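Structure, as structure tokens:
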Amino acid sequence: MNIIVCVKQVPDTTEVKIDPVTNTLIRSGVPSIVNPFDKNAIEAALQLKENYGGSVKVITMGPPQAKEALKECLAMGADDAILISDRAFAGADTWATSYTLAKAIEHLGEYDLILCGKQAIDGDTAQVGPGIAEWLDISQITYVQRINNYENGLINAERVIEGGFEAITATTPAVLTVEKSINEPRYPSLKGTRRAAKAEIPILSAADIQVNEELAGLKGSPTFVKRIFTPELRNKGQIFTGEARETSKELAEKIINLKII
Amino acid sequence: MEFNYTDEHIEIRKMVREFAQGVLAPRAAEIDLTNEFPMNNVHELAKHDLMGVAYPDENGGGGADPVSEAIAVEEVSAACLATGSIMTAHYLGFDALYLAGNESQKEKYLYPAYTGEKLAAFCLTEPDAGTDMSANKTTAVLDGEHYVLNGVKHFITNGAYADFLTVFAMTDKSKKAKGMSVFIVEKGTPGMEIGTGDDKMGIRGARTHEIIFKDCRVPKENLIGAEGEGYKIALHVIDRGRVGIAAMAVGLAQAALDSAVKYAKEREVFGNTISNYQGIQWMIAEMATDVEAARMLTYHVASLKESGKRFSKEAAMAKLFASEASNRVVHKALQIHGGYGYMKEYPIERMYRDQRILELFEGTSQVQKMVISGNLLK
């Protein structure tokens, strides 16, 4: 089973530094980690490989320092890592990112499954995984909490919904985005770490993967981040105590007086 | 000579630290309280290739260098000294095979020890023979296809759980030290009995037991090297093992220092955090200097290990210095914690108890001084 895992290197901090011109994150100088949900995706891929054989390739679209994230995935046990990097990709929103990753995946050849973390902890959109599936015109199962099995080219997984889950069977190739609850990502081993430290990670540029530069990066982004800020702490609000008949009247009056309704 | 960490050293430290803090540290207090040998920790160490770090990877070892091994021991020990002790006792337990075993012994015992598939123990110490190794009373008499072992060992780390033990016994008492030989004894061999388990001050999870040999028949193929080579092998193994103990001391001391720094930045007296008072600042400075000096000496000796040259004096110095430095550090760290440092809720209480063994086992500080002065005054 050939699996491609898409990962993202994200800042390990709640304080974001923003480039005031592009309104995107300044990544250099801030300590970085592999997006935690992507680690769940790597773990899921490694477990599938243990069950069904095959290989696990990990890719990321990012600046040169994203190689560190790839090395961590190699140390966990991924077979190959490729960095998708080009100035043309900078400032991409989820549309342009999913386009670029889809082109990279097409370039890489045959695959049975694409795994992603459900969302990145910096952007929190959860859009790239589904975007990749759309660009590649393949099935997707999002918010996967459990992969049941893979047989005759069909993948069966549980998808989280409010109050329960859906069991979905999809044809492969497919994109699965995974929940934290799917597994406990393994710690890298010493041998994995040594292998990763020595690994040469190839870089694919926009030209290598035949990306239309109009559709990538800031240029290819129909949306842009206007502002990122920590919301102000709200007041605790007012608590009405007493009998329900009385308090509900009081509450209704208050809401009407405040012209909320 | 300039000391520099390689990229690999940095990556290995990061990997072991995350693993140790995530997997071993949360269990450390419980192991201490329940006095239980943490077999699950042993399995985790094996899973992450930490049971044979600096041994050849073509045989299942980690393939890293001795400095990496020291770093790994240090980081494991910072999280849980008991687990660090189990790890170094395992290395001690199989190193004789690395130095003097034949190929068939290596296939059967050594290579599985590298991967952690088999756990090893070093079985030398006796009630009347600790510092004075040559006062060994356990005998090994050749009888047909077997050596028959009789005697009592004690304080054996991993002894009750190991898949095999390297046991030192006298094949010829008249030759004194030159009459000592070393054997591989498999777990469950009839005539080898696990005796009482010890109730220790610290590193309680690293259970130690009495091991009793009563007409224990060991296949003669299990003799390591030749008869009479046991003493020399023991010394060589213990020398090499001293780096591991030094690394344990560095790890523990670092953990104690970190916890003291954290506490000092939080605790307030007279309207200021105690980190603002020079008395505390000076203690922290002394502790940090002790840790760094111990670390650099340890890594220097670890790198000597790689050259294959004998380094008894340096190994003894590293063990002596690091273990005694760790004593100074935990003492100050506990003092900085004030009354809280005396309470089991705070890890420093356990670290303080754990630390003491470092100056006692694998050669007391006094033995180290004998080795060092012996080298200089001969």
Side-chain angles (χ1 to χ4, degrees), chain A residues 7 9-13 30-40 42-47 49-51 56 58 60 64-79 81 83 121 180-201, chain B residues 4-27 40-41 43-76 79 83 87 90-91 111 114-117:
Chain A
V7 307
Q9 186 182 52
V10 297
D12 182 19
T13 176
V30 175
S32 303
I33 55 170
V34 175
N35 180 44
F37 296 112
D38 297 346
K39 278 202 160 160
N40 293 105
I42 295 275
E43 176 62 32
L46 293 172
Q47 289 183 18
K49 178 187 164 183
E50 280 159 14
N51 283 329
V56 175
V58 58
T60 190
Q65 74 174 71
K67 269 193 185 177
E68 292 313 310
L70 291 174
K71 289 207 166 187
E72 219 178 302
C73 299
L74 285 174
M76 281 173 77
D79 300 291
L83 175 65
I121 59 170
K180 185 167 152 181
S181 54
I182 192 175
N183 57 42
E184 268 303 320
R186 64 194 63 182
Y187 287 92
S189 67
L190 183 102
K191 291 186 191 176
T193 303
R194 294 190 65 230
R195 208 182 304 127
K198 292 199 268 256
E200 286 287 333
I201 296 180
Chain B
N4 268 314
Y5 291 110
T6 62
D7 283 343
E8 191 172 294
H9 291 149
I10 295 171
E11 290 303 314
I12 287 176
R13 183 187 292 282
K14 182 163 164 273
M15 173 241 139
V16 183
R17 179 174 295 179
E18 273 173 24
F19 160 77
Q21 293 300 322
V23 177
L24 304 175
R27 299 176 183 168
N40 50 7
N41 282 5
H43 293 145
E44 291 288 342
L45 288 175
K47 230 170 50 173
H48 295 87
D49 308 321
L50 295 173
M51 293 290 264
V53 174
Y55 292 87
D57 55 11
E58 56 266 23
N59 299 125
D65 65 9
V67 172
S68 301
E69 190 171 275
I71 289 173
V73 170
E74 187 189 318
E75 292 297 335
V76 167
T83 306
M87 190 177 166
H90 170 70
Y91 282 57
Y111 304 154
Y114 288 167
T115 57
E117 192 194 315

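This structure is a prediction, so every number in the text was calculated from the model and none was measured. Chain letters run A, B, ... following the sequence lines, proteins first, then strands; residues in each count from 1.
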Within residues 11-23 of chain B, contacts to chain A at heavy-atom distances under 4.5 Å involve B:Glu11, B:Ile12, B:Lys14, B:Met15, B:Glu18, B:Phe19, B:Gly22, B:Val23
Strictly distance-based, threshold 3.5 Å: is any side-chain N or O of A:Lys191 a donor or acceptor partner for the main-chain N or O of B:Gly60? yes
Any non-hydrogen side-chain atom of A:Leu190 less than 4.5 Å from a side-chain atom of A:Arg194? yes
Flag side-chain contact, heavy atom, 4.5 Å: A:Ile42 against A:Asp38: no
So how far is it from B:Thr83 OG1 to B:Leu24 CG, rounded to the nearest 0.5 Å? 5.0 Å
Assess whether atom NZ of B:Lys47 is packed by more than 12 heavy atoms of other residues, nucleotides or ligands within 6.0 Å. no
Looking only at heavy atoms and a cut-off of under 4.5 Å, which of B:Ser68, B:Gly61, B:Ala64 has the most pairs with chain A? B:Ala64
Using side-chain heavy atoms (C-beta onward) and a distance below 4.5 Å, is A:Ile121 in contact with A:Pro36? yes
Positions in residues 67-79 of chain A that reach chain B, provided some heavy atom is under 4.5 Å away: A:Glu68, A:Glu72
Is A:Gln47 close to A:Arg186 at the side-chain level, that is, under 4.5 Å between some pair of heavy atoms? yes
When you measure from the side chain of B:Tyr91 to the backbone of B:Gly52, do you find a donor-acceptor pair of N or O atoms at a distance under 3.5 Å? yes
Working note: A:Ile33 + A:Lys39, criterion side-chain contact (heavy atoms from CB on, under 4.5 Å); need CA distance, chi angles, decisive distance, verdict. CA-CA 10 Å; A:Ile33 55 170; A:Lys39 278 202 160 160; over 6 Å; no
Does a side-chain heavy-atom distance below 4.5 Å link B:Glu117 with B:Tyr111? no
